[in-house]
Each structure stands twice: as C-alpha cells, then as structure tokens.
Amino acid sequence: MKDVPNHLAIIMDGNGRWAKKRFLPRSAGHKAGVETIRKIVKECKKLGIKHLTLYAFSTENWKRPQKEVETLMTLLVTYLKKEVKELHENNVKITTIGDISKFPNVCIKELNNAYELTKNNTGINLNLALNYGSRNDIKNAIKCIIEDIRLENIDIENIDESLISNYLSTKNLPDPDLIIRTSGEQRLSNFLLWEGAYTEFYFTDVNWPEFDEKELKKAIDTYQNRERRFGGVK
Ligand code: IPE
Ligand code: IPE
Ligand code: MG
C-alpha cells in the first residue's frame, strides 16, 4: 500500500508537557502548538491528503482551568484572523465538527466567516474538531434518528450503518484512514469512535509543538507499510 491517507486525523497532544519541560506556562505550549498546525496543514496539502481533521478541543477540555480554556479560545480566534485569508488563497476548505455554540461569540463569528469564505474551495479540507466528543455526537445522532422516526421521515427498518454515519457530524467526511496521536499517550480520548472502526493508529512520543514534516513522514511511511484487511484475508 503506497497511497497517502485520504483522511488523516490528528490528536494534537503534549503542548502542556512541552512547556513544562522548558519551565514555561502551558499557554506557551499552546502557542507553539499553533505553529505546528501551520506547518502540518501546509505539508498535508503538499502530500495530497484530502481531509485533515485536527482535534483541537474536546467536550472534556472544559474541565481545565478557566484561564487555560480562555487561552485556547483566544488562540483559535487569532489563528483564524491571521490564517484564513492565506488558507483561502491556497484553496483550503475549512469545516468543523463539534458543538461550537458553547464557544464565545468572537470564535463563532470567525468560524462562520471561515466556512463562508472557503465553502467552494476544492483543495484540502481542514476540519477542526472543536468542543467535539464522539459520544456526544453519537447521542445527538440517536436523538435525531428518533425524531425522524416520529416525524415518519424514516422507518426503523431503514436504520443501517450508513444511515447512522449520515446522522453524525462527520457525515461529509470519509472515515479516517490514519489517526496520529502525539505525546506518548495511547488512547482515543473520545475521538472518532464510530468512524475509527478500521482506522490505522500511529503513536509517537514527540509532543505536538515538536511534531514536524519529518515526523509526519515517519507516520505516513509506517501507515503505508501496514496491511489493511478490514476483516478479510489478503
Ligand atoms: C493538547 O495539549 C492541547 C489540547 C488538548 C487543547 P495538552 O494541553 O493536552 O498538553 P498535555 O497533555 O497537558 O501535555
Ligand atoms: C485530547 O487530549 C483532546 C485534544 C487533543 C483536543 P487531552 O489531553 O485532553 O486528553 P487526555 O485527558 O490526556 O485523555
Ligand atoms: Mg493532553
């Protein structure tokens, strides 16, 4: 298998530990992490990856100190303000998954602006997972399916796997081919549980601020040497 992943998803982890090692505040780690996002989006585009999902804020990240949550929101706004124009010029289409209605209005405004500006772009799809949690997404899907049964838009007999996929916030995306997690943690932390049924995983000890083109190449090389069988035989 020599294809690059069509859909690459990344759990960007280790900003805090990167900062701690340098006796810096956690916010400095998040700031450095944004630089990695810039680099990696560019590289993925160059490699011909079609969809890049970045796990930026989970439904559980609200548990962090309010100051840190605020820093993350502010960095998101700064990133969008600074980058959207250039992303648009590079034909990048920006989308999100997760419930952004709980985010501050400035974030929502910048995100709406980014969707609107880039909606017809045909290059790489940069999909940001914001206030995303897979269980919450599945819960919402179940509610909507029940509602559609009640409204007689669908029958119980119509419920199959692809129908369920179509009620998730990832409905416009193919399942991820590869999920990378940085920082040495080896868990999903509520990311793409349904969609990741046959995803390949790659874990690296490198913290997100230090992840770069070389590390990405290592991940993709590893992926390209995997044999995906989907339950069948070779
Ligand atoms: C990832 O880095 C960024 C987010 C989860 C928003 P962390 O902030 O989780 O960094 P560590 O895991 O504490 O090192
Ligand atoms: C997962 O990282 C969420 C994001 C990268 C946005 P966390 O750092 O929040 O996950 P846990 O707490 O280590 O599982
Ligand atoms: Mg973490």
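All heavy atoms count here, side chains included; hydrogens, waters and symmetry mates do not. Position 1 is the first residue of the sequence, and the numbers go up from there. Quantities reported herein were computed from a predicted structural model and do not represent experimental measurements. Counting starts at 1 for both ligands and their atoms, following the listed order.
Ligand 1 lies within reach of R64, whose nearest heavy atom is under 4.0 Å from it. S183 does not count as a contact of ligand 1, since none of its heavy atoms falls under 4.0 Å from the ligand.
To the nearest 0.5 Å, atom CG of residue D212 and atom CD1 of residue I40 are 6.5 Å apart.
The neighbour count for E89 CD, taken as heavy atoms of other residues, nucleotides or ligands under 6.0 Å away, is above 12. Summarising the local packing, NZ of K67 is surrounded by 12 or fewer heavy atoms from other residues, nucleotides or ligands at distances under 6.0 Å. Sparse packing is recorded around CD1 of I156, with 12 or fewer heavy atoms of other residues, nucleotides or ligands lying under 6.0 Å away. Within a 6.0 Å radius of CZ in R38, other residues, nucleotides and ligands contribute more than 12 heavy atoms. Within a 6.0 Å radius of NZ in K82, other residues, nucleotides and ligands contribute 12 heavy atoms or fewer.
With hydrogens left out, the protein atom closest to atom 5 (C) of ligand 2 is M12 O, 3.4 Å, a heavy atom. With respect to atom 2 (O) of ligand 2, the closest heavy atom belonging to the protein is R181 NH2, 3.5 Å. Protein heavy atom nearest atom 10 (O) of ligand 1, with residue, atom name and distance: G16 N, 2.9 Å. Atom 6 (C) of ligand 1 has its closest protein heavy atom at A56 O, 3.3 Å. Scanning the protein heavy atoms around atom 9 (O) of ligand 2, the nearest turns out to be N61 ND2, 2.9 Å. Annotation: atom 12 (O) of ligand 2 to nearest protein heavy atom, R187 NH2, 4.6 Å.
Each of the atoms 8 (O) of ligand 2 lies under 4.0 Å from some heavy atom of D13. Distances below 4.0 Å separate heavy atoms of S189 from the following atoms of ligand 2: 1 (C), 10 (O), 11 (P), 14 (O). Annotation for ligand 1: atoms under 4.0 Å from non-hydrogen atoms of H30 are 3 (C), 8 (O). With ligand atoms numbered from 1 in the order given, ligand 1 contributes 1 (C), 2 (O), 3 (C), 7 (P), 10 (O), 14 (O) to contacts under 4.0 Å with heavy atoms of N15.
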- Message: Please determine whether side chain to side chain donor-acceptor pair (under 3.5 Å) holds for the pair N127 and T95, giving the CA-CA distance in whole Å, both sets of side-chain angles, and the decisive distance to 0.1 Å.
- Response: CA-CA 5 Å; N127 181 44; T95 57; 3.0 Å; yes
- Query: Checking side chain to side chain donor-acceptor pair (under 3.5 Å) for the pair E68/H30: CA distance, chi angles, key distance, verdict?
  - Reply: CA-CA 9 Å; E68 179 166 351; H30 296 312; 2.8 Å; yes
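Shown are I180, L52, I220; of these, the side chain to side chain contact (heavy atoms under 4.5 Å, CB included) with P5 is made only by I220.
For ligand 2, none of its N or O atoms has an N or O atom of E185 under 3.5 Å away. For ligand 1, none of its N or O atoms has an N or O atom of W18 under 3.5 Å away.
For K31, the side chain to side chain contact (heavy atoms under 4.5 Å, CB included) criterion is met by L75, not counting sequence neighbours. In terms of the side chain to side chain contact (heavy atoms under 4.5 Å, CB included) criterion, residue partners of D221 (sequence neighbours excluded) are, by chain and number, K217, Q224. Under the rule for a side chain to side chain contact (heavy atoms under 4.5 Å, CB included), the partners of K218 that lie at least two apart in sequence or sit in another chain are Y202, E215.
Note on ring orientation: taking the six-membered ring where Trp is involved, the planes of Y55 and F191 are parallel (angle under 30°, cut-offs 30° and 60°).
Taking 2.8 Å as the limit, the number of protein N, O or S atoms around the Mg ion (ligand 3) is 1.
If you look at F57 next to ligand 2, the close heavy atoms, those under 4.0 Å, all belong to the backbone.
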